[in-house]
Amino acid sequence: MADRPRIVGIDLGTTNTLVASVRNRIPKIVPTDRGNLILPSVVALSGKGDLLVGGVAKDQMVTNPRNTLWGTKRLIGRKFHSKAVEDLKGYFPYDIVEGTNGDAAVTAGGKLYTLPQISSFVLSQLKTIAEQFLGGPIDAAVISVPAYYNDNQRNAVKEAGRLAGFDVKRIVNEPTAAALAYGFNRGLDQKILVYDLGGGTFDVSVLHLAGNVFEVLATGGDTFLGGADFDNRVMEYVLERFREETKVDLSESPIALQRIKNAAEAAKIDLTLIPNVVIDLPYIEERKGKPLDLRIPLTREQLNALTGDLVDRTFEICDRVLEEKGIARSEIDEVILVGGQSRMPLVQHKIQTHFGKPPRKGVHPDECVALGAALLGDSLGSIDAVTLLDALSMPIGYALPNGRVKRIIEKNSLIPMVKSFRLPPPKDAGSPFIELDIFQGDSDLMVDNEYLGTVRVPAAAAGRKIDFRLTEECLLQVTVEDASGMRKVDLATRDTPEALKKALQEAAARTPPQVQSASGSSDDRGLLSSIKSIFRRG
Ligand code: AMP
């Protein structure tokens, strides 16, 4: 068929993954799993050693927790020795280990898997499903990622796509994809705010839409604020009420906790539709040979009281993002909701009071990201292609000997873009190399940022031009000047980010901060060969 799509858009979510394709300019979600439109982002190894993906993998979450890998979107592209992985280790029942390249990796069935591999299992399942549904090979994809994903995380998702057999044409930010689903080909001239409250994270972006030009004006969020926090509040309430009524503390019983966690989330979701529920868990515990039942009513008002401060926090973040760019709330023409938790009536009510208008109806909070990614894929290369002017969500810079970061590219810089500067001299006078350890993050302190890699060039290159280029996918490319012009440098990784930070901290204690100056240049021969021979990425 002439118009059969060969490219799909994929929303690779923390909880669920969706795939969409465009036919005759209309994007549609492809049914993926057991007749549903979503594929749970879960990969598992069965007791027999079979690889399971999607609903069947999720089914064994309670019975085989150590071999069931869920929520891996929070781990992909992270270094094993990073604060984020440290914080998440206790959260997952499966083992998180150090991969050969220093990245976090996971184990299942006694075997080590990289996180791009795990995501690739989900993506290749989608590829097969989409090919069957659309009736032919699908070779290309546009895959969405959270706007706050750093360079490592974006590269890791691209790798997952490649491993699944896709030519990944673009990595697109989720809010930008949602905006596309709303505004594509509608000839709008509007400022919109995309409010994305998912299972684990909150993300906000403000965009200006002018025809098919989508410009991100500002972005921000909190990577530890989402639906799971709402569930925890309900859980704490249930545990407390049960303790009051029975004097029994269930917080020591993992099975009871798991049951309460599931029931808390279900109650929260039900309260979106109905005003009262009863959390009913028969035989939650046994005391003196007698079963104890849990039966606790919960109203929507009580849920609002338990979680109102979490909702308020999302609006504080919205205000901060708007203030950073000097945009007034009244300038926002539409608020687009994304993410399951944004369905909560309190969220919708507060949008109305905060922005003076109700959220936009007609944009599906679960589907819009995949639909937008598919629209972008379909438009790539066509005459009336969309223009995306995205923004960098976290600044990029390099570590100074005093433990601070010298910012090179500021937050909210419009991408694609390039920033040039002169290579500083080596940190230690007399060292044969200049090493720039590159970090990304909001803090001025290196230790609080994410390590991206190291540029290592001979000391003779001091004073030469170096470019930090951000591609349209928000990926960093570094080029350094040599005799034949600007040459690309592959970022290298050092031992571990922690070892690097420690070494730099020790150096900071020994040496006073150095003044940067542009000086000297000489022998170009071997500049690139030495860069490449000394380090290999990963
Ligand atoms: P997402 O990551 O976008 O799939 O969002 C998942 C989160 O949305 C989970 O915390 C769900 O409990 C929550 N969620 C899904 N549906 C609803 C609903 N109708 N009302 C409130 N929360 C919901």
Side-chain angles (χ1 to χ4, degrees), residues 10-20 29 32-33 36-42 54-55 58 61 70-76 91 119 122 144-149 173-175 177-178 181 194-205 221-238 258 260-277 279 298-304 306-308 310-311 313-314 336-351 359 361 363-373:
I10 297 175
D11 171 8
L12 182 60
T14 310
T15 330
N16 297 309
T17 296
L18 287 88
V19 58
I29 301 288
T32 52
D33 196 31
N36 292 321
L37 297 182
I38 55 169
L39 182 76
S41 314
V42 185
K58 194 177 171 186
M61 204 141 115
W70 51 275
T72 53
K73 185 174 179 177
R74 305 187 78 169
L75 296 167
I76 193 168
Y91 181 75
S119 290
V122 176
S144 65
V145 295
Y148 58 80
Y149 255 20
N173 285 339
E174 289 163 6
V194 180
Y195 176 106
D196 180 355
L197 189 56
T201 58
F202 175 63
D203 211 348
V204 56
S205 290
D222 184 338
T223 50
F224 287 93
L225 174 59
D229 299 295
F230 290 68
D231 305 343
N232 287 342
R233 293 286 174 84
V234 177
M235 242 179 116
E236 283 161 18
Y237 171 76
V238 169
Q258 186 61 47
I260 296 172
K261 186 172 163 26
N262 294 346
E265 183 179 10
K268 174 195 77 173
I269 292 176
D270 287 346
L271 287 172
T272 287
L273 281 179
I274 50 175
N276 319 287
V277 292
I279 298 175
L298 188 69
T299 66
R300 189 182 285 164
E301 278 68 36
Q302 283 172 314
L303 175 69
N304 290 351
L306 290 170
T307 59
L310 299 174
V311 177
R313 249 168 73 198
T314 65
I336 310 288
L337 298 184
V338 183
Q341 190 61 47
S342 73
R343 293 220 183 88
M344 185 183 189
L346 182 65
V347 169
Q348 311 222 352
H349 172 74
K350 288 209 170 171
I351 298 258
K361 293 269 184 281
V363 182
H364 196 296
D366 295 334
E367 296 178 4
C368 56
V369 172
L371 296 175

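On a predicted model such as this, the values are computed, not experimentally measured, just so you know. Remember, it's 1-based here, ligands and their atoms both numbered in the order they're listed.
In this structure, Arg300 has no salt bridge (charged side-chain N to carboxylate O under 4.0 Å, His left out) partners at least two apart in sequence or on a different chain.
Proximity of Met344 to Leu303: side-chain heavy atoms (C-beta onward) are separated by under 4.5 Å at one or more points.
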Ligand 1: which protein N/O atoms lie under 3.5 Å from its N/O atoms?
residue  : atom   : partner : partner atom : Å
ligand 1 : 2 (O)  : Gly199  : N            : 3.0
ligand 1 : 3 (O)  : Gly340  : N            : 3.0
ligand 1 : 5 (O)  : Gly199  : N            : 3.4
ligand 1 : 5 (O)  : Gly340  : N            : 3.3
ligand 1 : 8 (O)  : Gln341  : N            : 3.0
ligand 1 : 10 (O) : Lys268  : NZ           : 3.2
ligand 1 : 12 (O) : Glu265  : OE2          : 2.5
ligand 1 : 12 (O) : Lys268  : NZ           : 2.7
ligand 1 : 16 (N) : Arg343  : NH1          : 3.4
ligand 1 : 20 (N) : Thr272  : OG1          : 2.6
ligand 1 : 22 (N) : Gln341  : OE1          : 3.4

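Note that NZ of Lys73 and OG1 of Thr17 are 8.0 Å apart. Values are rounded to the nearest 0.5 Å.
In terms of modelled atom types and a separation under 3.5 Å, the side chain of Thr14 and the main chain of Gly71 share no donor-acceptor contact. Judged by distance alone, with hydrogens and angles left aside, the side-chain atoms of Ser41 form a donor-acceptor pair with the main-chain N or O of Gly13 at under 3.5 Å.
For Thr314 and Tyr195, the side-chain atoms include at least one donor-acceptor pair closer than 3.5 Å.
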